[in-house]
Amino acid sequence: MTALLELHGITKTLKGQRTPRTILDGVDLTVESGESVAILGRSGSGKSTLLSLIGLFDRPDGGRYLLGGQDITRLSERRAAALRSAEFGFVFQRFFLLKHLTAAQNVAMALVNGQGWLPRRKRRARTMAALDQVGIAHLAKHRPARLSGGEQQRVAVARALVREPRLLLADEPTGALDTETGNLVIEVMRSATERGCGLILVTHDRDHANKMRRVLRLDDGVLNPATTTPDEAWTPHSAGMQAAPSGAGPTPESAAGVSAPDGADPTREGVPR
Ligand SMILES: Nc1ncnc2c1ncn2[C@@H]1O[C@H](COP(=O)(O)OP(=O)(O)OP(=O)(O)O)[C@@H](O)[C@H]1O
């Protein structure tokens, strides 16, 4: 069977400095449909860079990237944006909801692009189904200000799922939530894998990593191919693990996958290279 995602020898080097710096050093990774994979690693080990390459916000300098068996290593910006809208769902630490829109409108935003034209009734049905999936259909008409942090993140997860992505990419999605709410959000994302969606979760949380089928560790840009347990991954070498800094990042539109047709990387927005 063809794997959902295959990375072969992916490298990324930061240039523009006196000496180029290797951020990803020959990463190999295979993810099957319906599989969940946690990636652990200390701060600065390259986790967000890897997700950004997988989400087609950036390109590798070397290696091959296959999605469903198709080589997508070197797509034009336009094709990358189209594929990103059609195939991926994104969840970040911050929720990136538009304040003046209701929960339902925030979710429906993700259907504006990437799905072609959807009749209003269908759009509404899919939006409500996504909100129902995350257990907050009854809050559809509420604006973000009336929702708790966990409810807002569930809206963000519904927005990521409404397009029925093949792959869900989550970068520290529970970093701003309390334990109970974080568990709920992880469970919602994990349940999407039961319907065949792949899930790659970058996290510093051992318990959440433990809920994924595989746990992999990234050390200074090198992805250890051996499945590990979160406790093993938490060796002194990775003692520098800490919450990701919440700097400039995605916008509500880019988090919904509808506003980065120019290939701008929402995970890097505003960050000078
Ligand atoms: N735009 C950039 N400009 C300069 N350096 C960058 C840029 N993006 C990433 N880096 C560097 O690349 C390395 C990997 O960064 P990345 O954000 O991928 O790490 P991470 O494992 O996700 O860290 P964290 O857990 O803190 O989010 C870091 O040393 C970082 O400083």
Side-chain angles (χ1 to χ4, degrees), residues 5 7 9-29 31 37-63 65 77 80 88 90-96 153 156 167-177 182 185-186 199-210 212 214-225 228 230 232-251 254-255 260 262-273:
L5 170 143
L7 301 181
I10 291 292
T11 57
K12 185 71 190 173
T13 305
L14 275 187
K15 295 162 192 115
Q17 296 171 344
R18 247 175 275 158
T19 43
R21 231 180 96 216
T22 301
I23 306 296
L24 295 174
D25 193 2
V27 169
D28 294 326
L29 174 66
V31 180
V37 178
I39 298 182
L40 297 178
R42 68 180 171 78
S43 191
S45 55
K47 304 180 298 295
S48 296
T49 303
L50 180 58
L51 272 203
S52 154
L53 290 176
I54 294 174
L56 298 175
F57 289 113
D58 201 357
R59 282 188 190 162
D61 296 313
Y65 177 2
E77 297 291 3
F88 301 119
F90 298 93
V91 184
F92 302 97
Q93 179 170 347
R94 287 162 66 200
F95 322 127
F96 301 108
Q153 189 61 307
L167 184 59
L168 195 53
L169 300 172
D171 197 349
E172 281 287 335
T174 60
L177 305 178
V185 164
I186 291 294
L199 168 61
I200 301 180
L201 170 71
V202 162
T203 183
H204 290 277
D205 187 302
R206 288 184 233 200
D207 293 333
H208 295 162
N210 231 349
M212 302 298 114
R214 276 194 294 150
V215 179
L216 300 175
R217 176 171 144 175
L218 191 62
D219 276 324
D220 292 334
V222 177
L223 189 69
N224 189 328
T228 179
E232 278 167 7
W234 225 264
T235 60
H237 186 71
S238 51
M241 290 181 182
Q242 59 188 47
S246 57
T251 62
S254 61
D262 56 352
D265 177 354
T267 68
R268 302 285 179 224
E269 202 173 13
V271 181
R273 284 234 174 229

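We count ligands from 1, going down the list as the structure has it; atoms in each ligand are counted the same way. Below, all heavy atoms of this structure are taken into account, side chains as well, without hydrogens, waters or symmetry copies.
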Which of the atoms in ligand 1, numbered in the order shown and given with their element, are less than 4.0 Å from a heavy-atom of [X]?
X	answer
Arg42	21 (O)
His204	25 (O)
Ser48	17 (O), 18 (O), 20 (P), 22 (O), 27 (O)
Lys47	18 (O), 19 (O), 20 (P), 21 (O), 22 (O), 23 (O), 24 (P), 25 (O)
Ser43	23 (O), 24 (P), 25 (O), 26 (O)

Could you tell me whether the side chains of Asp58 and Ser52 share a donor-acceptor contact shorter than 3.5 Å?
->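 No pair is found: no donor N or O on one side chain lies under 3.5 Å from an acceptor on the other.
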Working to the nearest 0.5 Å, report the span between CG of Leu7 and CG of Leu53.
->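 The CG atom of Leu7 sits 8.5 Å away from the CG atom of Leu53.
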Distance from Ile54 atom CD1 to Phe88 atom CZ, nearest 0.5 Å?
->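 The CD1 atom of Ile54 sits 8.0 Å away from the CZ atom of Phe88.
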Is there any N or O on Gly46 that sits under 3.5 Å from an N or O of ligand 1?
->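 N/O-N/O distance below 3.5 Å exists for this pair.
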Mind checking whether Gly41 has an N or O less than 3.5 Å away from an N or O of ligand 1?
->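 No - when backbone and side-chain N and O of Gly41 are compared with those of ligand 1, no distance drops under 3.5 Å.
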If only atom types and distance count, is the side chain of Gln153 paired as donor or acceptor with the main-chain N or O of Phe92 below 3.5 Å?
->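 Side chain of Gln153 to backbone of Phe92, a donor-acceptor pair under 3.5 Å: yes, one is there.
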Between the side chain of Lys47 and the main-chain N/O of Arg217, is any donor-acceptor distance below 3.5 Å?
->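 No: the side chain of Lys47 does not pair with the backbone of Arg217.
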Under 4.0 Å, heavy atoms only, figure out whether ligand 1 is touched by the backbone of Asp171, its side chain, both or neither.
->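 No part of Asp171 comes within reach of ligand 1.
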Ligand 1 versus Thr49, non-hydrogen atoms closer than 4.0 Å: side chain, backbone, both, neither?
->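 Both backbone and side chain.
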Sequence-distant partners of Thr174, side-chain hydrogen bond (donor to acceptor under 3.5 Å, both in side chains), two or more places apart =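 side-chain hydrogen bond (donor to acceptor under 3.5 Å, both in side chains) check on Thr174 returns His208.
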With sequence neighbours excluded, residues passing side-chain hydrogen bond (donor to acceptor under 3.5 Å, both in side chains) with Asn224 |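 Partners of Asn224 under the side-chain hydrogen bond (donor to acceptor under 3.5 Å, both in side chains) test: none.
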For atom 14 (C) of ligand 1, which candidate among Gly44, Gly175, Gly221 provides the closest heavy atom?
->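 The nearest heavy atom belongs to Gly44.
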